[in-house]
Engineer: 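After the structure tokens below, expect a handful of questions from me.
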Amino acid sequence: MSRYSALGLLRGALNGQKHWQPAWRDPEPKSHYDIIIIGGGGHGLATAYYLAKVHGLRNIAVLEKGWIGGGNTGRNTTIVRSNYRLEPLHNLFEFGLKLWHGMSDELNYNVMFSPRGAMFLGHSDADMVKLAERGDAMRCDGIDADLMTRDEVAKLEPLLDMSRDARFPIQGGLIQRRGGSARHDAVAWGYARGADSFGVDIIQKCEVTGFVRDGNAVVGVETTRGRIGAGRVGICVAGHSGHVAAMAGLKLPVESQTLQAMVTEGVKPMINSVIMSQSLHCYISQSDKGGIVFGGDPDNWPSYAQRGHPMVMEGAVAQGLALVPALSRLRMVRTWSGVTDMSFDGAPIIGETPVPNLYINGGWCYGGFKATPASGWTYAHTLATGKPHPLNAPFSLDRFERGATIDETGSGPMPNSR
Amino acid sequence: MMQITCPHCGPRAQSEFIYERTVDSVVPLDAAPEQAMAALFSRTNPRGVDEEIWRHTYGCRAWLVMTRHRVTNEISATRAVGPEALP
Amino acid sequence: MTDVTMTLLPAAPLHVFEIWSNPASVAKRFKAATGFELPATGTSGGSDALRLIRFEPTVWLVEGDISALSDILADDGALTAIGGGTVRIRLTGPGWRTLLMEGGVFNAEDPAFSAGCSAATIIDHVNVRLHVVSDDVCDAYVPLSFSADLLHFWKEAALSLFEGIAP
Amino acid sequence: MSGPTRDPKGATISFSFDGKTYKARAGDTLAAALLANGVGLVGRSFKYHRPRGIMTAGIEEPNALVTVGEGGRAEPNTRATDVFVYDGLIARSQNRWPNLSFDVGAVFSLAAPMLGAGFYYKTFFGSAKRWMFYEYFIRKAAGLGNAPTKADPDRFSQRAAFCDVLVVGAGPAGLQAALEQAEAGKRVILVEQDSILGASLIRDPQELDTAWADSAAARIRAAGGRILTRTTASGYWEHDLVTLTQRLAEPGEVPTNGVTQRLWHVRARQVILATGSIERPIAFAHNDRPGVMLSQAARTYVRRFGVLPGKRVVIATNNDDAYKTVQALKEVGAEIVAILDARPQFSAAAAGAESAGLPVWTNAVPSIVTGARHCLSGVTAIVDGQSKNWKADLIAVSGGFTPVVHLHMQAGGTLDWNEAAQAFVAAASRQNVTTIGGAANPDPVFPVTPVSNPKKSFIDFQNDVSLADVDLAWAEGYRSVEHLKRYTTLGMATDQGKLSNMAALGRLAEKQGVSIPEAGLTTFRPPYTPVSMGLIAGAGAKNAGAHVRRLALYDVHAAKNPIWQPLGYWFRPRAYPQGQETLAQAALREAKEVRTGVGMTDVSTLAKFEVSGPDAAAFLELICATTVSKLAVGRGRYTFMLREDGIAFDDGTVWRLDENRYLLTSSTGGADRMATHISYVRQYLCPQLKVSAVNVQEHHAGIAIAGPKAKAVMDALIKADSPRHMSTVPAEIAGVPVIVLAASYSGERAFEVYVEASHAASVWAACEAEVTAQGGSLYGLEAMEFLRIEKGHLVVGGEVDGRMTPMDLALDKMLNKAGGYIGATGLSRPALAEPGRRQLVGLEAIEGDIPEGAMLITHKGGSPHGHVSAAAFKILEGGSVALGQLKDGFSRHGEELIASSPTRGQEARVRVVHPHFYDTAGERYRD
């Protein structure tokens, strides 16, 4: 692996950047791996990286049906934060946030993680109490969170509508200063390059079509590139978890829904942080290229279509413009959609399945990107040891039927939040 | 935005409808606990055709069952559910 | 010039007439007692003295004299007052169809949506029930809590539609 | 070299660009007007700040992006080719400092050898903070125009439309199709993004001319068709829904009636796409300079706008269409210094040009152009392997044609590869859409392999992506077309790859050694061209799409100037301050009034359902987790409802008004959810029941009267003995029929009066008169909160937070022992009975005031065991009390904890107690 550095770029300036090597190999699948990870998104690649780096395993493959990072890793709004109210969630995401802060150096790949602050706006006294409660829960567990006054919010984001008679007047906010955003594709590419350097085989255009069973246990996978044996198999295909799990006869507490996002034409810096709201369902940030990145709620009906719907988009943009009226004359230039695993308590699922040797990582709803390093780390632990890491133990698949759900919003088992 | 044929009102914009749940997740009133929890917490979630319950909330307020393809959004059938009604 | 105007009709009793069993027998009793048919889906029937507008499969909205209806329903349904929560806005003038397309999703421009037709839909996020009175008049039944905002929306929309450049 | 010119005759309107005033003709695009005034340099590129001019005459323009308009109307990144000049138009160039001609940012061009594709990923290591330092400068350099800082003064409309046939594109093919359909009796909508119909007929006059276009339009309208110009079909969604974006005013222009754009949601039975094609550039060194223009664009400027974009022109082509440009330029006196035809043989058109004495070179491909910032000076080409030079001020290029298949693909359609045209064309679709005209039948071309220095040969102009960047991405393993796009940012600029996609695919295919269709294609998603955010928001931009819900008694309250509080979409009075009272002072006074005298408040927003029929009680015993059927007529009770998973999700009261008629109330915040739940259970789960459950939330306004003197007030109002606690009677107040319920949320003897909302004002006035006569006053939500907390009553959204079971809330004794209610099975899940669950407790301050929302910890630095869900003060005796959720709280009464709020710097020492601080025996309810 050629090391990335400014010096390397300077050298390249003299040779036409011709000395760079492929970031990862394009290997043929072997007949057997100790561990196979299905899904070459950020989570799967991070899992492979930590299996190699932390657990010293080498005989690992990541199987990707298309091209790595082509699913939800490349179809989100790139927000990174750990500001959850409930302890199991903020502990997991905070572990991840710490990894984010060292990720570029760790991977020798600049993932452009920019801790510009993730801010939730409050629009009433009741909102401010809810924000304080969330912040207090985080602070008591050692996670940074600060309440902001109206003036502090206005200073950080001068283009917010601060008028008192706004429909959702801004009364203050809760900021996690160590939160921010990152370059999503780079996360997949960085982990892929890192994993590859340890000898992990990253096999693209290799779709899993079935599981090879010995009795009840999984001992390999059937793929479009042939049968591959495995000691353990980890599903890591959030959005399509139900589809892959069904090949092993499993039904999951998950419904797939479409989440869309959009970006405007690039403009000079106007949004300084990541803006979210306690009462509204939109999130706004500005990419390094100047586009305003914009997201809202998922479509709220089941779908595997990577297509958005105008009515959902119109609702999210209306909310965003009510917060930042200056966005009105910017133009939306591109939309994209991801298929998300909406789990039935809003929290992820990482752990064993009832099928021996088969593990699952999914149910990330619309919050998986920020979890990439924590998800990879804990899943690697689970796959390497066969046991949950303390951080993912609460996120077991059987928690729903047992009654131990982790319901951040308290909206219950229907993902359309009735 | 889909166009959904309400069994009572005819083709209408999706904005008038709200998705409720899949037919396989209905918990019958007399379900045993295991059966009820299985219905609530496990889904076939097919990447293909499924039967879903929607409501024409902002129209005639009636419930309907829709057979829909999850990738193409092709709606092959809708049928009325609920008490007996006059035409 | 404006070719649709909006008027608030005075508050009046409104009831829902719901049938839960034996709809065919109720329909027979209804016809016998009132002289007209229970209106079909998407239509209204009767006169100013007693008008039923059908918006739901088993529910009719009733305006006028309800005194005969309980007996007609007998044990097959119930009558419930809802008028306090509904504001009636009358849209008058040939422009009502165009106005209803603003912020809407229902085809009010369809000529088949004519006098005696009813439909419920969503306009500017508000659940609105429409009843076509004549070519030039359409009544909208709007939830009281949303009526002020919807009226404001329609007034702004009407200005931009009919004054200035053609739509 | 003098650059473009035009006879200034007919220039009637003025506009300004970068502060300088120019003249234009009506009907000019800004691009045409700038060219006519000899302005060659219009913008700067995104990454290297290279000088850029006008390359196209359409919406695909990648270079000539300017900000048009001022204040809240300013539209950054407006394509000069897609704005029609109006008198007073103000345009400014972008992404340059201090000015367009001398742009300091152009130093990035010097560093270009270092800044190839993906260079960001390889450097700027160190801490995240360090990256933010670099990023600050990167962000400043990035972006193009500036966003407005003022609110938008104009409105955006959204409108629905339905039609039999939607025709997109009013070129000859689209007009013809629309005319046929309209005259066959179909309802037709024809849309055209240009300001005129059949504009290509001006560029390329055929047997059909613009007069024909006008008459076709008149016939379409006469047949009832609707024609929308300045309207772009930007999105093709499910079930043949197409969104159209219509400009009613040009960018920056003051609209005549307040509305600047309209978004149409068109549901069509059939869609015909006559969207034409977009000409492709050719890759050669410095092919991005001012003075490099697409061939059809040059022809358009000559014939439609009367602008001569160059006097000494080189034509570079791989097809016959460019010979029409030769003709057009010759007609207006331009000198054609060379025609570089990439094809090895003379086509008929090429032979014709040569026989007319024009310098045609076959097997000729441009390799490099030279020039200054504002214009071109020379062209070098490789002709039969030899380099040749010409002096020229314009090179008009045609690399073939890319059919506009975007909408077809958005509709889920597939594409076929047309080898002769080297282009993808529309194939099958699952929606009802067909493609006609040029988009379906692109002209044949000859594939050209670039012969130039790849580093300076741009394919994505705006984002400065060159052939070398594609090569580098390939070498580094970014080989799928999506990786290539994301690694190089190709196709991610405002033009979304309209000019660059095919060039990149060609290079990728060449590297892979496969054909272009084998190399892949990225998916087109909406929008086809960028859409203003204000237009997507529509009227919702002003209220976030969330109307305020007004109380029936809004005017009555507003006259008293209360402090309002949002509750869902409702606004309710929070307190009615007197004089200089603060919220807390007013609320405490109001609450004391209720504890010692009498107060009244508006409770209209509560959810209410009238449930009638022989099966009403059976139905309610599904919805409610308590018994209902045991209620006698005229009696009511507290109840609560469970989700199917056994978690409590709402509470309220249920009243038996008559033998077969009940009134159910539940929380304001849960009203819509409860309405859906009730309808689902009634209509879907038990359609056989003889029951009618009607939502009467807004039908009844509700007035609560509470306090030791409430009974006296009520007796006077109804002129009868008031019902005892948890009883109800029909009555009359001020001549209006009402329902009086004796229920208490405050802990005092209290009543709720329900009255038809249209008559609420007179009943309210009567109640207020009587309450005032007894020395009482109004109270708001804040006082109500104090009262209920002190009494230990729950609130949905507070203690009932969607995570607590009836056991956790100590409600299990009230559960219907017969079971059968919804949620009964869910309650049997094992973990719900395990230790460690959060349980409802009371908290009494030992020291300090308890902060609402604070965490409950056993020691400093400890992880929370629970939290404070609601905090208040004991109303009469003072002292901070609260309700909370605490791990295993039922068994921890008496324990001391810290209620800690680090975010507010507040904490209190608290003791865990029973969650009732007032009248635990419930004696004050009763007479």
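FYI, side chains are in, hydrogens and waters are out, and symmetry mates aren't considered; it's all heavy atoms of this structure. Every chain is numbered from 1, with letters handed out A, B, ... down the list of sequences. Just so we're clear, the structure is a prediction, and the values are computed from it rather than from any experiment.
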Engineer: Can you tell if the side chain of D:T243 reaches within under 4.5 Å of the side chain of D:L263, non-hydrogen atoms only?
Structural biologist: yes
Engineer: So what's closer than 4.5 Å to chain D heavy atoms on A:H184: side chain, backbone, both or neither?
Structural biologist: side chain
Engineer: Side chain, backbone, both or neither: which part of A:I271 has a non-hydrogen atom closer than 4.5 Å to chain D?
Structural biologist: backbone
Engineer: Regarding A:D136 and D:R904, does a basic nitrogen lie under 4.0 Å from an acidic carboxylate oxygen?
Structural biologist: yes
Engineer: Under 4.5 Å heavy-atom distance to chain A, tell me which part of D:A141 shows up: side chain, backbone, both or neither.
Structural biologist: backbone
Engineer: Using a strict threshold of under 4.0 Å (side-chain N to carboxylate O), is an ion pair present between A:R177 and A:D144?
Structural biologist: no
Engineer: Measure D:S480 against the heavy atoms of chain A and call it side chain, backbone, both or neither at under 4.5 Å.
Structural biologist: side chain
Engineer: Could you tell me which of D:M855, D:M114, D:K150, D:R486 has the largest number of non-hydrogen atom pairs under 4.5 Å with chain A?
Structural biologist: D:R486
Engineer: With a 4.5 angstrom heavy-atom cut-off, which part of A:K130 approaches chain D: side chain, backbone, both or neither?
Structural biologist: side chain
Engineer: Identify whether NZ of Lys or CZ of Arg in A:R167 sits under 6.0 Å from the centre of the six-membered ring of D:Y569 and within 45° of that ring's axis.
Structural biologist: yes
Engineer: For A:E265, is it the side chain, the backbone, both or neither that has a heavy atom under 4.5 Å from a heavy atom of chain D?
Structural biologist: both
Engineer: Counting only non-hydrogen atoms closer than 4.5 Å, does D:E238 touch chain A with its backbone (N, CA, C, O), its side chain (CB onward), both, or neither?
Structural biologist: side chain
Engineer: Can you tell which part of D:A468 gets under 4.5 Å to a heavy atom of chain A, answering side chain, backbone, both or neither?
Structural biologist: neither
Engineer: Testing the basics here: between A:C282 and A:L323, what is the closest heavy-atom pair and its distance to 0.1 Å?
Structural biologist: SG-CD1, 4.1 Å
Engineer: Select, from D:G72, D:P148, D:P530, D:G538, the one with the greatest count of heavy-atom pairs under 4.5 Å involving chain A.
Structural biologist: D:P530
Engineer: Between A:E133, A:H309, A:H123, which shows the greatest number of heavy-atom pairs under 4.5 Å with chain D?
Structural biologist: A:E133
Engineer: With a 4.5 Å cut-off on heavy-atom pairs, point out which of A:D127, A:N108, A:V263 contacts chain D the most.
Structural biologist: A:N108
Engineer: Measuring only between side-chain heavy atoms, which start at C-beta, is A:W20 closer than 4.5 Å to A:L9?
Structural biologist: yes
Engineer: Using non-hydrogen atoms and a 4.5 Å limit, figure out which bit of D:I647 sits close to chain A: side chain, backbone, both or neither.
Structural biologist: neither
Engineer: So D:T123 and A:N110, do their side chains get closer than 4.5 Å, heavy atoms only?
Structural biologist: no
Engineer: Begin from the C-alpha positions of A:S5 and A:R3 and carry the test side chain to side chain donor-acceptor pair (under 3.5 Å) through to its verdict.
Structural biologist: CA-CA 7 Å; A:S5 66; A:R3 204 161 167 78; over 6 Å; no
Engineer: Chain D heavy atoms under 4.5 Å from A:D185: which part of the residue, side chain, backbone, both or neither?
Structural biologist: side chain
Engineer: Of the listed residues (A:G266, A:G315, A:A318), which shares the most heavy-atom pairs with chain D below a 4.5 Å separation?
Structural biologist: A:A318
Engineer: Between D:A539 and chain A, which part of the residue has a heavy atom less than 4.5 Å away: side chain, backbone, both or neither?
Structural biologist: neither
Engineer: Considering only heavy atoms, which portion of D:L827 lies under 4.5 Å from any heavy atom of chain A: side chain, backbone, both, or neither?
Structural biologist: neither
Engineer: Over all heavy atoms of both residues, which pair between A:Q286 and A:V267 is shortest? Give the atoms and the distance, please.
Structural biologist: NE2-O, 3.0 Å
Engineer: Just so I know, are the side chains of A:L330 and A:M270 near enough to count as touching, which here means a heavy-atom distance under 4.5 Å?
Structural biologist: yes
Engineer: Indicate yes or no: at least one non-hydrogen side-chain atom of D:I138 is less than 4.5 angstrom from one of D:W131.
Structural biologist: yes
Engineer: Let me know if D:R73 has heavy atoms under 4.5 Å from chain A in its side chain, its backbone, both or neither.
Structural biologist: both
Engineer: Just so I understand: if I count every heavy-atom pair under 4.5 Å between each of D:A475, D:G545, D:A117 and chain A, which residue has the most?
Structural biologist: D:A475
Engineer: Report the C-alpha separation of A:Q319 and A:S277 in whole Å, then their side-chain angles, then the decisive distance to 0.1 Å, and conclude whether the side chain to side chain donor-acceptor pair (under 3.5 Å) test is met.
Structural biologist: CA-CA 10 Å; A:Q319 297 192 347; A:S277 158; over 6 Å; no
Engineer: In terms of the angle between their ring planes, are D:Y134 and D:F124 parallel, tilted or perpendicular, with boundaries placed at 30° and 60°?
Structural biologist: tilted
Engineer: Counting only non-hydrogen atoms closer than 4.5 Å, does A:R134 touch chain D with its backbone (N, CA, C, O), its side chain (CB onward), both, or neither?
Structural biologist: neither
Engineer: Check whether A:F294 gets within reach of chain D through its side chain, its backbone, both or neither, counting any heavy atom under 4.5 Å.
Structural biologist: side chain
Engineer: With a 4.5 angstrom heavy-atom cut-off, could you sort out which part of D:L832 is near chain A: side chain, backbone, both or neither?
Structural biologist: both
Engineer: Where does D:M674 contact chain A at under 4.5 Å (heavy atoms): side chain, backbone, both or neither?
Structural biologist: neither
Engineer: Sort A:F168 into side chain, backbone, both or neither according to what part of it lies under 4.5 angstrom from a heavy atom of chain D.
Structural biologist: side chain
Engineer: What closest approach, in Å, do A:H90 and A:D141 show between heavy atoms, and which atom pair accounts for it?
Structural biologist: NE2-OD2, 2.6 Å
Engineer: Given heavy-atom pairs under 4.5 angstrom as the criterion, report whether the side chain, backbone, both or neither of A:L10 touches chain D.
Structural biologist: both
Engineer: Tell me whether the rings of A:W100 and A:F113 are parallel (<30°), tilted (30 to 60°) or perpendicular (>60°).
Structural biologist: tilted
Engineer: Who wins among A:G290, A:A322, A:G403 for the most heavy-atom pairs under 4.5 Å with chain D?
Structural biologist: A:G403
Engineer: Please state whether the side chain, the backbone, both or neither of D:A546 comes within less than 4.5 Å of a heavy atom of chain A.
Structural biologist: both
Engineer: Quick one: does NZ or CZ of A:R193 land under 6.0 Å from the six-membered ring centre of D:Y121, within 45 degrees of the ring axis?
Structural biologist: no
Engineer: Which region of A:T264, side chain (C-beta onward) or backbone (N, CA, C, O), has a non-hydrogen atom less than 4.5 Å from a non-hydrogen atom of chain D, or is it both or neither?
Structural biologist: side chain
Engineer: Between A:V129, A:L174, A:L327, who has the most heavy-atom pairs with chain D when the cutoff is under 4.5 Å?
Structural biologist: A:V129
Engineer: Which of these passes side chain to side chain donor-acceptor pair (under 3.5 Å) with A:R331: D:T78, D:T245, D:N77?
Structural biologist: D:T78
Engineer: Just do the side chain to side chain donor-acceptor pair (under 3.5 Å) check on A:T405 and A:D345 with the steps written out, would you?
Structural biologist: CA-CA 6 Å; A:T405 50; A:D345 61 359; 4.7 Å; no
Engineer: Do you know which of D:K542, D:R479, D:R837, D:R574 has the most heavy-atom pairs with chain A at a distance under 4.5 angstrom?
Structural biologist: D:R574
Engineer: Using a cut-off of under 4.5 Å on heavy-atom pairs, state which of A:Q306, A:R25, A:M112 scores highest against chain D.
Structural biologist: A:M112
Engineer: What part of A:E408 is in contact with chain D, defined as an atom under 4.5 angstrom from a non-hydrogen atom: side chain, backbone, both or neither?
Structural biologist: backbone
Engineer: Quick check on D:P566 against chain A: is it the side chain, the backbone, both or neither that has a heavy atom closer than 4.5 Å?
Structural biologist: side chain
Engineer: Give the member of D:A854, D:G126, D:G116, D:G412 that has the highest number of heavy-atom pairs under 4.5 Å with chain A.
Structural biologist: D:G126
Engineer: In terms of heavy-atom proximity below 4.5 Å to chain A, should D:Q410 be classed as side chain, backbone, both, or neither?
Structural biologist: backbone
Engineer: Any side-chain heavy atom of D:Q94 within less than 4.5 Å of one from D:P76?
Structural biologist: yes
Engineer: Need one label for A:S287: side chain, backbone, both or neither, based on atoms under 4.5 Å from any heavy atom in chain D.
Structural biologist: backbone
Engineer: I need the minimum non-hydrogen distance between D:H483 and A:Q204, along with the two atoms involved.
Structural biologist: CE1-OE1, 3.5 Å
Engineer: Counting only heavy atoms closer than 4.5 Å, note whether D:N95 contacts chain A via side chain, backbone, both or neither.
Structural biologist: both
Engineer: Would you call A:R329-D:D154 a salt bridge at under 4.0 Å N-O?
Structural biologist: yes
Engineer: For each of D:F119, D:F156, D:Y487, tally heavy-atom pairs with chain A at distances under 4.5 Å, and name the one with the top tally.
Structural biologist: D:Y487
